[in-house]
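Remember, it's 1-based here, ligands and their atoms both numbered in the order they're listed. Just so you know, these numbers come straight off a predicted model, no measurement behind them.
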Amino acid sequence: AGSSVCFRRNVCSSPSRLQSCMSAWVIDQYGTNEVLRYTEEATIPSVSSASEVLIKVHAAGLNPLDLSMRGGYGAKLLKLRRDPLSVMNSDSEFPLILGRDVSGVVVECGSAVSHFAPGDEVWAAVPPWKQGSLADFVTLTEFEVSHKPKSLSHIEAASIPYVANTALSALVNAGGLCRDSSSNKRVLITGGSGGVGTFSIQLLKAWGAHVTVTCSQNAEGLVRGLGADEVVDYTAGDPAKQLDVMEKFDVILDNVGGETEQWAMGLLKPWSGAKYITLVTPLLFNTDSMGLLDGTVQTGLALQKKAIQSISSRGVFYRWGFYAPDGPALDEVRNLVDAGKILPVVEAHFQFSHVPQGFQKLEQGHARGKTVVRVA
Ligand code: NDP
């Protein structure tokens, strides 16, 4: 692996009958950036169920999860999700392809696919239990896919699906917010300058909410430009003190985790249905370290304890938010994007030959939006 790979890219827009191999970045073991390996001999995924579509990848988005998965995070639970009945021939997940966002073109459809046809430009978030988008082709079910916004390039489009599916799942399912119920709501977003934050600010503003954001001082211009009403610089002093003088919040979306929940719960309106949702949960860490059964049980008990404490002592709901694949949710996002209400925030993009540099960029932290890879 590394930056000096010799590239002979396959430039076909769809695989011919004889062609069975494609270019991809794979890992054959978990580890640091050295495990990333470029190959032109990855197997082209096939449309193996009636509801699947084969997509020619034009751009792939990177997420913090790709870094974690490269190191083995979530391996036990994801392996179970890939093969719940242990019926696969191989019990190895390798070679594993990372990359969670895709923007590309449909090249083949299963017999029951009704919403897509070859030639359609699409975008999607690839579930972490499926082979990822750092490859020429990826397969997904049609329910995970959506038609790409016409106003965006593939690079721009690949910056949105995974954070959009995550934010929508967290804000709608866990937070109880939606387009028609947000106009009188005060929402606090911690970590507003990253991928999920920059998307969530725009979504909530499009829905009419009042949005307060915590971020570093040098991200204030970015988040205000995306619509944030109030900005708290967490590097300038205790954010809890700065936020405590403000009117209390209906929903907190926590993208930072750690000690945040200890000071943030008191910022919610008590006894009025207010909700704290964190995206930083211990589920996959616990199943990795304690095993599937113990990890799941311990995690469930910890969540239950916090939820009971929060409602009984403060009258607020404590919840975890998770990414959930959802093509129709991306349809709603597409409409907002094409209406100019949600902009892509691409901080950096890399050529396919420079995928390891893309991972290095993620590793440096301090994201200001998204990192994307041009695949085709
Ligand atoms: P990013 O890395 O894109 O963004 C994180 C942002 O938080 C950066 O801009 C960073 O900038 C900022 N930040 C760091 N520390 C603080 C702090 N103390 N206060 C305020 N801002 C801070 O991550 P994502 O937006 O993609 O994801 C956010 C979190 O959610 C990650 O932990 C991710 O793993 C998790 N996640 C969980 C999912 C789930 O299904 N549960 C799905 C998707 C994401 P700076 O350091 O310069 O301040």
A.B. asks: Please collect all side-chain hydrogen bond (donor to acceptor under 3.5 Å, both in side chains) contacts where either partner lies in residues 65-76, sequence neighbours excluded, each pair once.
C.D. replies: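 Only Asn33-Arg70, Arg70-Glu363 qualify under side-chain hydrogen bond (donor to acceptor under 3.5 Å, both in side chains).
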A.B. asks: Do any pairs count as a side-chain hydrogen bond (donor to acceptor under 3.5 Å, both in side chains) and have a residue in residues 278-307, sequence neighbours left out, and if so which ones?
C.D. replies: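 Every pair satisfying side-chain hydrogen bond (donor to acceptor under 3.5 Å, both in side chains) with a residue in residues 278-307: Asp254-Thr278, Glu261-Lys306, Asn286-Thr299.
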A.B. asks: Of all residues at least two apart in sequence or in a different chain, which pass the ring pair (Phe, Tyr, Trp, His ring centres under 6.0 Å) check with His147?
C.D. replies: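 With sequence neighbours excluded, His147 shows a ring pair (Phe, Tyr, Trp, His ring centres under 6.0 Å) to Phe116, given in chain and number order.
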A.B. asks: In Å, rounded to the nearest 0.5 Å, how long is the span from NE2 of His349 to CD1 of Ile155?
C.D. replies: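 Rounded to the nearest 0.5 Å, the NE2-CD1 separation comes to 5.0 Å.
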A.B. asks: Please check if the distance between the ring centroids of Phe199 and Tyr162 is under 6.0 Å.
C.D. replies: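 Here the rings of Tyr162 and Phe199 have centres that are no less than 6.0 Å from each other.
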A.B. asks: Sort out the contact shell of ligand 1: every protein residue with a heavy-atom distance below 4.0 Å, listed by chain and number.
C.D. replies: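 Residues near ligand 1: Pro64, Tyr162, Thr166, Gly191, Ser193, Gly194, Gly195, Val196, Thr214, Ser216, Tyr234, Asn255, Val256, Leu279, Val280, Gly321, Phe322, Tyr323, His366, Ala367, Arg368.
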A.B. asks: Pairing donors with acceptors under 3.5 angstrom, does anything connect the side chains of Ser151 and Asp338?
C.D. replies: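 Checked: Ser151/Asp338 side chains pair up, N/O donor to acceptor below 3.5 Å.
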